[in-house]
Amino acid sequence: MIISASRRTDIPAFYSKWFMNRVRAGFCTVPNPFNPTQVSAVSLGPENVDVIVFWTKNARPMLEYCNELDRSGYRYYYQFTLNGYPGVLEPGMPPLDELIDTFRGLASIIGPNRVVWRYDPIVLSDLTPESYHAERFSEIAGKLAGSTTRVVISLLDMYRKVEQRLVRLEKAGAVRVTPILAPPRRLLATLASVAAEHGMEIVSCAEPFDLTDCGIGPGKCVDDDYIKAAFGIDVTHTKDPAQRRECGCVRSKDIGAFNTCVHGCAYCYANADLAAVQRRFRLHDPESPSLAGWHIPVET
């Protein structure tokens, strides 16, 4: 079984203590996000976990636990997002240079082939036009050279809750975001060239567009081929039916919860209500079997 930790929230940044408590306990409980009364118990014993995929924008709280995970026999890798956007788009993020130091520190502990850089989503706005992305991507790529072998890009998806959030920011005069109706091919070709110069494979995430003419192939975040190369093991090759049609990820079990990520990014698809996020974060109990609330499994 592959554990996703987590598409729904940033476990390394905000819930690392909870995660390690659950690893030591050997299981966690996960309510169905669409039917909270349906609760599953998920084994986290190393004998039952093929790989853990961490998703984060700040892995620093997890650095102290790498050795413990390694000693316990866990295989894991990170999807680590670094955009360096203005504060109006990423209000809860530490300074970019601090995050780059964390990324490089993580790579020095577990290896560059186990830390994937995500530059996503690409948001085009009056504050972040194409020229901004070309310069920022090049800056970050230069500083991460040697600390990763892969970079993942995606274009902003305008989910309804994201659109509503961005409309409020535009009305407040904070930022004006341009919907991406067609891929900015010249920019993407530039990013591909920069990635290659710094020894990074570049792939896309769940894009409906064919970007191969830009030098960008379709990627998988939960990637059976990547796992085989990194750890020498075979895992499921079955596409995850819970993900979008364009998503190439193989099947995994997500142990996170929506409306729990405190970064507060304007483009976030996992948070619908900031007040709910703050409330759930305040009520979080690192001793609970569940990340949000306290749930006893009724379905295994």
Side-chain angles (χ1 to χ4, degrees), residues 4-16 33 53-62 78-100 102-103 116-129 132-133 136-137 139-140 144 151-180 191 204-207 221 243-244 247 254 256-282 284 291-292:
S4 169
S6 155
R7 283 184 176 92
R8 301 169 183 166
T9 191
D10 195 329
I11 287 177
F14 301 117
Y15 304 103
S16 58
V53 183
F54 289 110
W55 313 70
T56 191
K57 290 188 172 185
N58 183 8
R60 184 169 293 276
M62 280 295 294
Y78 277 79
Q79 297 275 341
F80 196 137
T81 299
L82 288 179
N83 296 326
Y85 283 153
V88 66
L89 293 176
E90 295 182 338
M93 297 304 301
L96 177 60
D97 284 343
E98 181 180 317
L99 295 170
I100 288 172
T102 296
F103 189 111
V116 177
W117 171 31
R118 300 182 69 87
Y119 187 82
D120 82 306
I122 292 173
V123 179
L124 295 179
S125 72
D126 55 341
L127 299 180
T128 56
Y132 172 95
H133 289 283
R136 184 63 96 187
F137 185 92
E139 174 194 359
I140 298 174
L144 296 185
V151 57
V152 176
I153 62 96
S154 73
L155 304 173
L156 176 66
D157 288 312
M158 201 66 84
Y159 296 100
R160 181 171 178 79
K161 54 192 169 185
V162 173
E163 183 177 13
Q164 291 172 341
R165 200 178 297 135
L166 294 175
V167 166
R168 287 195 296 269
L169 289 174
E170 181 173 354
K171 288 182 177 178
V175 65
R176 185 175 67 256
V177 171
T178 304
I180 300 177
L191 303 190
S204 64
C205 172
E207 283 303 323
C221 303
Q243 304 305 320
R244 291 172 290 168
C247 177
D254 200 294
F258 291 119
N259 285 313
T260 58
C261 183
V262 194
H263 290 310
C265 299
Y267 50 77
C268 179
Y269 66 85
N271 287 344
D273 182 351
L274 185 57
V277 171
Q278 296 292 348
R279 182 171 62 254
R280 299 188 94 186
F281 184 69
R282 288 194 303 270
H284 169 70
L291 188 145

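Atoms considered below: every heavy atom in the structure, side chains included; atoms not considered: hydrogens, waters and symmetry mates. Please read these numbers as outputs of a predicted model, since none were measured by experiment.
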Report yes if some heavy atom in the side chain of [X] is under 4.5 Å from a heavy atom in the side chain of [Y]; otherwise report no.
X      : Y      : result
Leu124 : Leu156 : no
Val177 : Leu169 : no
Pro12  : Tyr78  : yes
Tyr267 : Glu90  : yes
Tyr85  : His133 : yes
Cys268 : Arg165 : yes

Side-chain ion pair, Arg136 and Glu139, N-O less than 4.0 Å
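Counted as a salt bridge, because a side-chain N and a carboxylate O are separated by less than 4.0 Å.
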Taking the six-membered ring for Trp, are [X] and [Y] parallel (under 30°), tilted (30 to 60°) or perpendicular (over 60°)?
X      : Y      : answer
Tyr269 : Tyr159 : tilted
Phe80  : Phe103 : tilted
Phe14  : His263 : tilted

Could you give the distance from [atom1] ([X]) to [atom2] ([Y]), rounded to the nearest 0.5 Å?
X      : Y      : atom1 : atom2 : result
Ile11  : Ser4   : CD1   : OG    : 7.5 Å
Cys205 : Arg244 : SG    : CZ    : 6.0 Å
Tyr119 : Leu82  : OH    : CG    : 10.5 Å
Gln278 : Asn271 : CD    : CG    : 9.5 Å
Thr128 : Asn83  : OG1   : CG    : 10.0 Å
Ser125 : Leu166 : OG    : CG    : 9.0 Å

Minimum-distance pair of heavy atoms, taken over all atoms of [X] and [Y]:
X      : Y      : result
Phe137 : Ile153 : CE1-CG2, 4.4 Å
Leu127 : Tyr132 : O-CD1, 3.8 Å
Trp55  : Asp10  : O-OD1, 3.7 Å
Cys261 : Val277 : O-CG1, 3.3 Å
Arg280 : Ala292 : NH2-CB, 3.4 Å

Before giving the answer on side chain to side chain donor-acceptor pair (under 3.5 Å), spell out for Thr102 and Arg60 the whole-Å C-alpha distance, their side-chain angles and the decisive distance to 0.1 Å.
CA-CA 6 Å; Thr102 296; Arg60 184 169 293 276; 2.8 Å; yes
